[in-house]
Amino acid sequence: TQLLEQSPQFLSIQEGENLTVYCNSSSVFSSLQWYRQEPGEGPVLLVTVVTGGEVKKLKRLTFQFGDARKDSSLHITAAQPGDTGLYLCAGGGSNYKLTFGKGTLLTVNP
Amino acid sequence: DTGVSQDPRHKITKRGQNVTFRCDPISEHNRLYWYRQTLGQGPEFLTYFQNEAQLEKSRLLSDRFSAERPKGSFSTLEIQRTEQGDSAMYLCASSLQGDGGYTFGSGTRLTVV
């Protein structure tokens, strides 16, 4: 069974601070996706990374896929209250299914 | 296209009753997935359709659960003889074959009392 561990589980910071959350596995994934989920809503896809070592930027968010395609990180610069939410990573294998981590619950205080 | 639609958004039912949820995917997406999410957990895979064919069911999907996707369009997920442990958010997602990104619906929150 492929498992994804996300850390930290909870993170509370002040507006303007930087943060990094991590997604680690002992398994190799063909792709890694990050989603953001707000309470009572479904997850929304932020990015998909497929190549080991790949770095993608989305405004203040930087995503990195590990060289061995077993881990990923999400870095947010100058966090804003609107960044508050549950950040989920999900690994894709050779099939269609995604394996999700438990998520990092981020709270950005004004 | 307004994205993936799920109905109802919320459902409260008594233990032992049957419930049915509906999902309307993005029209050009041929893949449709059902996931279940409980508090403090990430979504867990339940089942997957490619067009109208149900290609895989998780062991989480007991014989009380059934899903259909007639004509490869909308899908329904039925739970018979609901139990309190069935209380969760049921998420539907769709995607294009070859495109790893899912588009999720807003989910159906089921509470079994």
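Throughout, protein chains are lettered first and strands after them, A, B, ... in sequence-line order, and every chain is numbered starting at 1.
If you chain together hydrophobic residues whose side chains sit under 4.5 Å apart, A:Leu46 and A:Val21 fall into the same group. Residues A:Phe10 and A:Tyr35 share a single hydrophobic cluster, defined by chaining ILVMFWY side chains whose heavy atoms lie under 4.5 Å apart. Under the 4.5 Å side-chain contact rule for hydrophobic residues, A:Val55 and A:Leu61 do not share a cluster. In the hydrophobic clustering of this structure, A:Val50 does not group with A:Phe63; members are Ile, Leu, Val, Met, Phe, Trp, Tyr whose side-chain heavy atoms approach within less than 4.5 Å, directly or through other members. One hydrophobic cluster, built from ILVMFWY side chains closer than 4.5 Å, holds both B:Tyr48 and A:Leu45.
The 12-atom threshold is not exceeded at NZ of A:Lys57, counting heavy atoms of other residues, nucleotides or ligands nearer than 6.0 Å. When the shell of 6.0 Å around CZ of B:Arg15 is examined, it contains 12 or fewer heavy atoms from other residues, nucleotides or ligands.
Among all heavy-atom pairs drawn from A:Gln33 and B:Gly101, the shortest one is NE2-N, 3.7 Å. Listed here is the closest heavy atom pair of B:Leu91 and A:Gly42: CD2-CA, 3.8 Å. Across all non-hydrogen atoms, the minimal contact from B:Ser106 to A:Glu41 is OG-OE1, 2.9 Å.
Contact annotation for A:Leu105: neither backbone nor side-chain heavy atoms come within less than 4.5 Å of a heavy atom of chain B. Neither the backbone nor the side chain of B:Glu44 comes within less than 4.5 Å of any heavy atom of chain A.
Side-chain contact between A:Leu98 and B:Tyr102: present, with at least one pair of heavy atoms (C-beta onward) separated by less than 4.5 Å. B:Met89 places none of its side-chain heavy atoms less than 4.5 Å from the side chain of A:Gln37.
Between A:Phe100 and B:Phe45, the distance separating the two ring centers is not shorter than 6.0 angstrom.
Your options are B:Gly42, B:Cys92, B:Gly107, B:Gly105, and the one with the most heavy-atom pairs under 4.5 Å with chain A is B:Gly42.
A:Leu88 contributes atom CG, which lies 10.5 Å from atom CD of B:Gln41 (distance to the nearest 0.5 angstrom).
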